[in-house]
Amino acid sequence: MKALILVGGFGTRLRPLTFTKPKPLIELVDKPIIQRQIGALISIGVKEVILAVNTETEAIKNFVENIPEKKQVKITLSVEETPLGSGGPLALARKILWEKDEPETKPFFLLNSDVICDFPLEKMLIFHKKHQKEGTLLVTKVENPSKYGVVIHDDDGKVTRFVEKPTIYVGDEINAGVSILNLKVLNRIELRNLSMEREIFPKMAEEGQLFCFTINTFWMDIGQPLDYLRGVEMLLDFVQFPKMAKYENVCFDGEVFVGENVQIGEDSFIGPHVSIGDNVQIGCGVRLVNCVILSGSSINDFALVSNSIVGWDSLIGKWSRLENHCILGSSVGVADEVYLNDTIVLPNKQVSDSILNGKIIL
Ligand code: GTP
Ligand code: GTP
């Protein structure tokens, strides 16, 4: 079986992190999100994954050449000259997806590259084969459905309506960004910038050709910084990560992930829900809580990082404090004894004054 992953978005809402890396390559705890997805696809026997790209092709190419999973699966890039949205890439990859003489009932997976969950792909496939219609969407309940595609369905899981980003409340079950489609669906899709969510899924629902499979376990779309933080928190809660190295006189509380070659000084207090990337240096007496420290960064003595993301290769000075959703791009420097509250800092900036009320530093 084959799968297509949409990796061509600009990821504007996940800036400043996406100034440095495309969204699918940003580490989510121990590995990039797309690597987690490819792993899930391999585990149920997918043999070819097509990555639909239109931006930052070089970064994705490098990733593909170096992923450990490479030997177990064929990875093909399908490159757009202009963005084709969430549907057009399927038309562009039609010849790769649909080989000569294959029946139109043969299914393939379609994934957005910014969602995580425990990928119940096998169960979804069994359900898809049972109902025998053209498509199956993974759906999940969320508190704020207005930013997603809302799915209305009957008791058998047959989708009766699909409403993308509804302005009035229609329901709270949403398209989770993972679907199984029969090759036949490709006949509905033209080669142009086209939205599956606005043009194809609503039509399939109207025609009774779309079913949904509900998950109640964890799910998150990590396309925005706070959702990314929440996604890391969920992964830490639900996934068993390998045991980390031992650290002397460091207090860990709750779920914490520590990457490779990380130094942590004495009397530091780490957790809960902290993810520390590879090659990070943490001084003495540091306090980290609900935060992500991306690889290569240094957090100096007695600093505190809470509910925030520190981008790659950044440096936080002694006794500094980052609180309430600070998002630092890569290679940011924060001087000693600086307090940042709810502040976004773009890559390569030096911050030497405290910011109490939230601000973007250009
Ligand atoms: P924002 O700029 O923050 O909206 O992010 P995004 O561009 O990634 O958009 P969105 O989160 O809505 O995209 C959902 C999925 O579709 C992601 O996996 C994107 O990578 C992918 N995607 C969005 N637009 C395109 C496109 O034009 N081509 C391809 N191949 N993928 C796309
Ligand atoms: P407040 O009384 O509200 O200031 O909080 P707290 O310090 O009692 O508790 P909090 O949950 O914020 O911190 C938990 C742990 O982190 C405690 O061991 C604190 O001593 C320590 N801590 C708090 N602020 C800092 C700081 O700025 N730097 C360092 N290194 N540790 C801190």
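Whatever order the structure lists them in is the order used to number ligands and atoms, beginning at 1. Nothing here was measured: the structure is a model prediction, and the numbers come from that model.
- Of the possible polar contacts, one joining the T343 side chain to the N341 backbone as a donor-acceptor pair under 3.5 Å is found.
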Could you walk me through whether N261 and D278 pass the side-chain hydrogen bond (donor to acceptor under 3.5 Å, both in side chains) check?
-> CA-CA 6 Å; N261 191 28; D278 295 341; over 6 Å; no
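- Closest to atom 21 (C) of ligand 1, if we only count protein heavy atoms, is L6 CB, 3.6 Å.
- From the protein, the heavy atom lying nearest to atom 25 (C) of ligand 1 is G85 O, 3.5 Å.
- The side-chain heavy atoms of L294 and L17, taken from C-beta on, include a pair separated by under 4.5 Å.
- Counting heavy atoms under 4.0 Å from ligand 1, residue N54 touches it through the side chain alone.
- When only non-hydrogen protein atoms are considered, atom 13 (O) of ligand 1 lies nearest to D114 OD2, 4.3 Å.
- With hydrogens left out, the protein atom closest to atom 9 (O) of ligand 1 is R13 NH2, 4.2 Å, a heavy atom.
- Atoms of ligand 1 found under 4.0 Å from any heavy atom of P83 (numbered from 1 in listed order, with element): 27 (O).
- Among the atoms of G223, none of the N or O lies under 3.5 angstrom from an N or O of ligand 1.
- We find that D221 and R13 are not joined by a salt bridge, their nearest charged nitrogen and carboxylate oxygen being 4.0 Å or further apart.
- Looking from atom 7 (O) of ligand 1 to the surrounding protein, the closest heavy atom is F10 N, 2.8 Å.
- By the neighbour-count criterion of 12 heavy atoms within 6.0 Å, atom CD of E207 is densely surrounded, having more than that number from other residues, nucleotides or ligands.
- With a 4.0 Å cut-off on non-hydrogen atoms, L84 touches ligand 1 through its backbone and not its side chain.
- R36 CZ: more than 12 foreign heavy atoms inside a 6.0 Å radius.
- In this structure, V139 is not a member of the same hydrophobic cluster as W219, with clusters built from ILVMFWY side-chain heavy atoms closer than 4.5 Å.
- In this structure, the protein non-hydrogen atom closest to atom 31 (N) of ligand 1 is G8 N, 3.0 Å.
- Scanning the protein heavy atoms around atom 2 (O) of ligand 1, the nearest turns out to be T12 OG1, 2.5 Å.
- The two residues P166 and V150 come nearest to each other via the heavy atoms CG-CG2, 3.5 Å.
- Ligand 1 is never approached by S86 to a heavy-atom distance shorter than 4.0 Å.
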Using distance only, find each side-chain donor-acceptor pair of residues 191-199 under 3.5 Å and give its atom names and separation, not counting sequence neighbours.
residue : atom : partner : partner atom : Å
R192    : NE   : E190    : OE1          : 2.9
R192    : NH1  : E199    : OE1          : 3.2
R192    : NH1  : E199    : OE2          : 3.4
R192    : NH2  : E199    : OE1          : 2.7
N193    : ND2  : P83     : O            : 2.9
S195    : OG   : E197    : N            : 3.2
S195    : OG   : E197    : OE1          : 3.3
S195    : OG   : R198    : N            : 2.9
E197    : OE1  : S86     : OG           : 2.7
E199    : OE2  : S195    : N            : 3.4

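- Neither the backbone nor the side chain of D221 has any atom closer than 4.0 Å to an atom of ligand 1 (non-hydrogen atoms only).
- For atom 28 (N) of ligand 1, the nearest non-hydrogen atom from the set E80, K23, E197 comes from E80.
- Under a 4.0 Å criterion applied to the non-hydrogen atoms of S113, ligand 1 contributes the atoms 17 (C), 18 (O), 20 (O).
- Here the closest non-hydrogen pair linking L183 and P103 is CD1-O, 3.6 Å.
- Looking only at heavy atoms of the protein, atom 20 (O) of ligand 1 is closest to G9 N, 2.9 Å.
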